[in-house]
Amino acid sequence: MGLQHQEAGQGSTRGRRETHTPDEYASPLGKRVYDLRHTCLTTWLNNGVPAAQVAEWAGNSVPVLLSTYARCISGQLRDHQKRIEAGGDLPEYTAED
């Protein structure tokens, strides 16, 4: 772990200690704040929110978001297959549209 990462972790620990009650700080959620973030972002992605939108909300770029969360996205294959198959049912595009 790099020095900057260690320093960020120490600052995060100090910040949680200063802003949480002793019980909150000692709780599992108080120690693993990013678990809530990961759960939220994974839920959004798995519910079909576009990665670009999730990245914006999370304050990340799409490549950074997907480098962490692409392996967590599941359960969308059937929906994507239906969308691909339905593509043939779309009206023809004309320049007048």
Side-chain angles (χ1 to χ4, degrees):
M1 182 178 339
L3 180 59
Q4 289 177 331
H5 187 74
Q6 288 175 341
E7 290 171 355
Q10 291 168 356
S12 178
T13 299
R14 186 173 49 250
R16 287 194 316 274
R17 189 175 291 133
E18 291 173 1
T19 59
H20 290 65
T21 68
D23 287 340
E24 290 171 338
Y25 179 78
S27 74
L29 291 178
K31 293 179 182 179
R32 300 292 309 260
V33 175
Y34 269 87
D35 287 349
L36 294 174
R37 174 185 169 88
H38 294 308
T39 299
C40 182
L41 299 180
T42 302
T43 300
W44 287 340
L45 290 167
N46 280 323
N47 285 328
V49 178
Q53 182 62 64
V54 175
E56 181 181 330
W57 290 339
N60 291 116
S61 67
V62 172
V64 167
L65 178 84
L66 292 179
S67 71
T68 301
Y69 296 98
R71 68 182 177 276
C72 301
I73 301 170
S74 64
Q76 297 180 14
L77 181 58
R78 187 171 307 251
D79 182 52
H80 292 308
Q81 288 172 328
K82 287 180 183 178
R83 288 179 183 197
I84 290 168
E85 291 168 1
D89 298 336
L90 296 175
E92 290 293 320
Y93 172 77
T94 63
E96 296 170 6
D97 290 341

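Values in this document were obtained by computation on a predicted structure and should not be read as measured data.
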When you look at Leu41 and Thr68, which way does the side chain to side chain contact (heavy atoms under 4.5 Å, CB included) test go after all the steps?
-> CA-CA 10 Å; Leu41 299 180; Thr68 301; over 6 Å; no

Non-neighbouring partners of Ser67 that pass side-chain contact (heavy atoms from CB on, under 4.5 Å), sequence neighbours left out = none

With sequence neighbours left out, what residues match Ser74 under side-chain contact (heavy atoms from CB on, under 4.5 Å)?
-> Asn46

Grab the two heavy atoms, one from Thr42 and one from Cys72, that are nearest each other, plus how far apart they are.
-> CG2-CB, 3.9 Å

Side-chain donor-acceptor contacts of residues 55-63 below 3.5 Å, not counting sequence neighbours, with atom names and distances?
residue: Asn60; atom: OD1; partner: Arg37; partner atom: NH2; Å: 2.7
residue: Ser61; atom: OG; partner: Val64; partner atom: N; Å: 3.2

Stepwise side chain to side chain contact (heavy atoms under 4.5 Å, CB included) check, Gln53 with Trp44 = CA-CA 9 Å; Gln53 182 62 64; Trp44 287 340; over 6 Å; no

Mind checking whether Ile73 and Leu66 have side chains closer than 4.5 Å, heavy atoms only?
-> yes

